Amino acid sequence: MAIEFRYRNGELVCVGDHVSSVAGRPGVVTEIILPETEIAKQFSCLGGGVMIIEDWDGVSSPRILAATDFDWDDISLVKRKLN
């Protein structure tokens with residue numbers, strides 16, 4: 001089952017994206033979690049999600065956003081990883 005996650009502006013979420021996360025924290029998308037996989041079960045997001053590593057004043061902190069989370073409204077793309 002293919003699933004796509006998109007920012008509020010409609011752009012596709014990709015691994016490596018630099019984002020402004022909840023409360024304006026900088027972060028990097030590190031993983032797209034596919035639905036119904038073992039990792040989705042481990043993170044309680046059976047419908048899939050996105051892992052963002054946020055910078056909290058020099059401390060890296062993971063955030064998992066499930067497909068249904070309201071926090072998606074607070075996530076925006078800052079720059080795309082160059083290949």
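This structure is a prediction, so every number in the text was calculated from the model and none was measured.
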Connected via hydrophobic side-chain network under 4.5 Å: [X] and [Y]:
X   : Y   : value
I39 : I53 : yes
I64 : I75 : no
V15 : V50 : yes

Please give me the minimum heavy-atom distance between [X] and [Y], naming the atom from each residue.
X   : Y   : answer
C45 : A66 : CB-CB, 3.7 Å
R6  : L12 : NH1-N, 3.6 Å
H18 : L77 : O-CD1, 3.7 Å
G47 : P35 : O-CG, 3.5 Å

Sidechain N-carboxylate O distance under 4.0 Å for R63, D71 =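 Salt bridge present between R63 and D71.
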
Can you give me every donor-acceptor pair (side chain of residues 19-34, partner residue at least two apart or in another chain, under 3.5 Å) with its distance?
unit_1, atom_1, unit_2, atom_2, d
S21, OG, E54, OE2, 2.2
R25, NH1, D57, OD1, 3.3
T30, OG1, M51, O, 3.4

So, do D17 and Y7 sit near enough that their side-chain heavy atoms are less than 4.5 Å apart?
-> yes

Residue pairs fulfilling salt bridge (Lys or Arg N to Asp or Glu O under 4.0 Å) with at least one residue in residues 34-49, sequence neighbours excluded |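 Every salt bridge (Lys or Arg N to Asp or Glu O under 4.0 Å) pair that includes a residue of residues 34-49, provided the two are not neighbours, is E38-K41.
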
Apply ring-ring contact (aromatic ring centres under 6.0 Å, His included) to F5 and list each qualifying residue two or more places apart in sequence or on a separate chain.
-> W72

